[in-house]
Number of protein chains: 2
Amino acid sequence: MSKKKGEKKAKSGKKKELAALSAADLAPAITQAARSVRTALSRSISDSGLYAGQDGVILALSEDDGQTPGQLAARLGVKAPTMTRTIGRMEAQGFVERRADGHDGRLTKVHLTENGLKSVESIGQSVADCGAMAVRGFSDKEVRTLLKLLRAVEHNLQPEADED
Amino acid sequence: MSKKKGEKKAKSGKKKELAALSAADLAPAITQAARSVRTALSRSISDSGLYAGQDGVILALSEDDGQTPGQLAARLGVKAPTMTRTIGRMEAQGFVERRADGHDGRLTKVHLTENGLKSVESIGQSVADCGAMAVRGFSDKEVRTLLKLLRAVEHNLQPEADED
DNA sequence: CTTCTCGCCCTTTTTCTTGCTCATCGGCCC
DNA sequence: GGGCCGATGAGCAAGAAAAAGGGCGAGAAG
């Protein structure tokens with residue numbers, strides 16, 4: 001697998017190399033952008049008493065209450081163990097609560113508590129505010145383009161959903 | 001699905017609200033996309049023996065060897081303590097080594113070891129490969145647009161660089 | 001037809017890492 | 001000597017992978 005491209009600047013004269021260079025820059029770019037978003041969002045929602053990554057659980061539950069950890073994990077794009085621990089912490093914080101499903105003993109339904117329900121709009125506002133700050137100066141078309149490309153990237157990187 | 005989005009507050013009915021909704025979707029989208037990139041990259045470089053986040057150190061050092069932790073942190077967009085710990089672990093793994101600067105006692109220069117130097121091309125290949133997979137099906141123009149928007153987002157979220 | 005066992009699914013636990021914030025220590029410049 | 005900058009340490013949390021626990025259902029056997 002020794003694909004010695006040698007020096008990066010040793011271009012073979014193919015335009016594909018230029019695209020490859022851009023693609024190589026994409027991973028760091030998206031990582032840094034996500035870190036910035038994460039940090040900004042973390043500060044926005046810290047006054048609500050929760051941490052980055054918990055906001056998605058609140059919002060997902062506000063749309064469909066009583067989801068299982070697996071559903072939440074799939075919806076938010078994280079692994080099940082991560083969701084389990086996040087739920088456990090949010091339960092300790094009093095935002096959500098776990099209820100055993102009567103029909104399937106292996107299922108656990110996650111419900112918003114009153115406290116969690118009250119924080120929904122605050123969280124939504126913080127997320128929207130953070131997003132608005134991120135796209136400050138963008139045209140509406142640019143925002144939609146960014147959104148579309150982001151989702152395409154996410155779709156391209158799904159290991160299972162490789163329909164190519 | 002009962003998506004009662006307009007239920008939280010009575011909006012004023014301006015077209016700006018539509019943009020706000022897109023902006024609200026941006027934070028989750030970029031977070032999930034970054035998670036996918038991080039996971040894919042982590043698997044790509046795991047056979048090189050290092051973890052996600054360490055690749056940037058290797059590549060940055062391959063371009064300019066002997067940088068200080070602070071320079072690396074600024075370059076990779078992480079905080080100094082994070083870089084310190086990452087460097088410490090990579091030093092234990094044998095990829096980099098710390099050397100005290102003779103002129104300034106408070107500075108620490110980070111250098112690539114022979115082992116680290118050998119992994120440079122493999123890492124660069126993994127990053128490029130991951131980026132290429134992420135933008136599969138994208139036109140060259142779309143890739144550049146995504147890159148540009150990503151950097152603009154990052155710039156918008158810098159607390160210090162608030163030139164507004 | 002009943003019952004038991006095996007396999008699968010979902011959840012949870014554990015261990016590793018990155019990343020941030022706050023706090024500390026040490027060396028340099030004024 | 002005092003302030004400042006840079007590096008480091010401690011504590012908190014997310015996220016991933018590997019593995020364990022428990023329940024449900026289907027299929028085989030009586």
Side-chain angles (χ1 to χ4, degrees), chain A residues 27-28 31-46 49-57 67-74 76-93 95 98-110 157 159, chain B residues 28 31-57 67-74 76-93 95-96 98-110 157 159:
Chain A
T31 301
Q32 290 189 30
R35 266 199 288 257
S36 300
V37 171
R38 181 197 189 87
T39 301
L41 186 56
S42 175
R43 292 185 184 173
S44 294
I45 65 179
S46 64
L50 38 82
Y51 305 91
Q54 297 182 342
D55 56 290
V57 179
Q67 296 185 65
T68 66
Q71 288 175 333
L72 285 169
L76 299 179
V78 301
K79 302 302 175 189
T82 301
M83 185 50 61
T84 293
R85 189 170 40 170
T86 297
I87 289 169
R89 202 168 297 274
M90 291 176 75
E91 191 174 22
Q93 290 170 289
F95 289 105
R98 276 186 251 231
R99 297 181 200 160
D101 185 82
H103 303 287
D104 295 344
R106 49 188 175 174
L107 293 183
T108 301
K109 298 290 195 67
V110 183
L157 260 38
Chain B
T31 300
Q32 290 190 32
R35 265 198 289 257
S36 300
V37 170
R38 182 195 188 87
T39 301
L41 186 57
S42 176
R43 292 183 184 174
S44 293
I45 66 180
S46 64
D47 50 280
S48 296
L50 38 83
Y51 305 90
Q54 298 182 341
D55 56 292
V57 180
Q67 295 185 66
T68 67
Q71 288 175 331
L72 285 169
L76 299 179
V78 301
K79 302 302 177 188
T82 301
M83 186 50 61
T84 293
R85 189 171 37 171
T86 298
I87 289 171
R89 201 165 294 277
M90 291 177 74
E91 190 173 23
Q93 291 172 287
F95 288 107
V96 301
R98 275 187 253 232
R99 298 182 200 160
D101 186 82
H103 303 285
D104 295 343
R106 54 188 172 175
L107 292 184
T108 301
K109 299 289 196 66
V110 183
L157 260 37

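In what follows, every chain begins at residue 1, and chains take the letters A, B, ... in the order their sequences are listed.
Of the candidate nucleotides dA14(D), dT17(C), dT13(C), dA14(D) has the atom lying nearest to any side-chain atom of Arg38(A). The listed nucleotides are dC16(C), dA14(D), dG19(C); the one nearest the side chain of Tyr51(A) is dA14(D). The side chain of Arg106(B) has dC5(D) as its nearest neighbour among dT11(C), dC5(D), dT12(C).
Atoms CD (Gln54(B)) and C1' (dG19(C)) sit 13 Å apart, rounded to a whole Å. When rounded to the nearest whole Å, the span between CG of Leu107(A) and P of dG23(D) equals 12 Å. Between the CZ atom of Arg89(A) and the C1' atom of dC12(D) there is a distance of 8 Å, given to the nearest Å. Separating the CD atom of Gln71(B) from the C1' atom of dC5(D) is a distance of 13 Å, rounded to the nearest angstrom. As rounded to whole Å, 16 Å separates atom C1' of dC16(C) from atom NZ of Lys79(A). Atom CG in Leu50(A) sits about 18 Å away from atom P in dC12(D), given to the nearest Å. dC16(C) atom C1' lies 11 Å from atom CD of Gln93(B), rounded to whole Å. Distance CG (Asp101(B)) to P (dA7(D)): 10 Å, rounded to an integer number of Å.
For Arg85(B) against dG19(C), a side-chain-to-base donor-acceptor contact under 3.5 Å is present.
Under 4.0 angstrom from either OP1 or OP2 of dG15(D) there lies no side-chain N or O belonging to Thr39(B). Look at Thr68(A) and you'll find a side-chain N or O under 4.0 angstrom from OP1 or OP2 of dT11(C). Remark: Arg98(A) is not in phosphate contact with dT11(C), judged by side-chain N or O atoms under 4.0 Å from OP1 or OP2.
Here the side chain of Thr82(B) pairs no donor or acceptor atom with the backbone of Val78(B) at under 3.5 angstrom. Without hydrogens or angle criteria, Glu91(A) side chain to Arg98(A) main chain gives a donor-acceptor distance under 3.5 Å. A donor-acceptor distance shorter than 3.5 angstrom exists from the side chain of Gln93(B) to the backbone of Gly49(B), with no hydrogens or angles considered.
For the residue pair Arg38(A) and Ala52(A), the shortest heavy atom distance occurs at CG-CB, 4.1 Å.
If you check every strand for non-hydrogen atoms under 4.0 Å, Thr108(A) touches sugar and phosphate atoms only. Within the nucleic acid shown, Ser42(A) has no heavy atom closer than 4.0 Å to any nucleic acid atom. The residue Thr84(B) sits close to a base: some heavy atom pair falls under 4.0 Å. Among the atoms of the strands shown, only primed sugar atoms or phosphate atoms (P, OP1, OP2) are found under 4.0 Å from some heavy atom of Pro69(B).
Taking CD1 from Ile87(A) and CD from Gln67(A), the interatomic distance works out to 9.5 Å, rounded to the nearest 0.5 Å. Taken from CG in Asp55(A) to CG in Leu50(A), the straight-line distance is 7.5 Å, to the nearest 0.5 Å.
When the nearest nucleotides of DNA chain D are assigned to Gly53(A) and Ile87(B) by heavy-atom distance, the more 5′-ward of the two goes with Ile87(B). Between Thr86(B) and Gly70(A), the one whose closest nucleotide on DNA chain C sits nearer the 5' end is Gly70(A).
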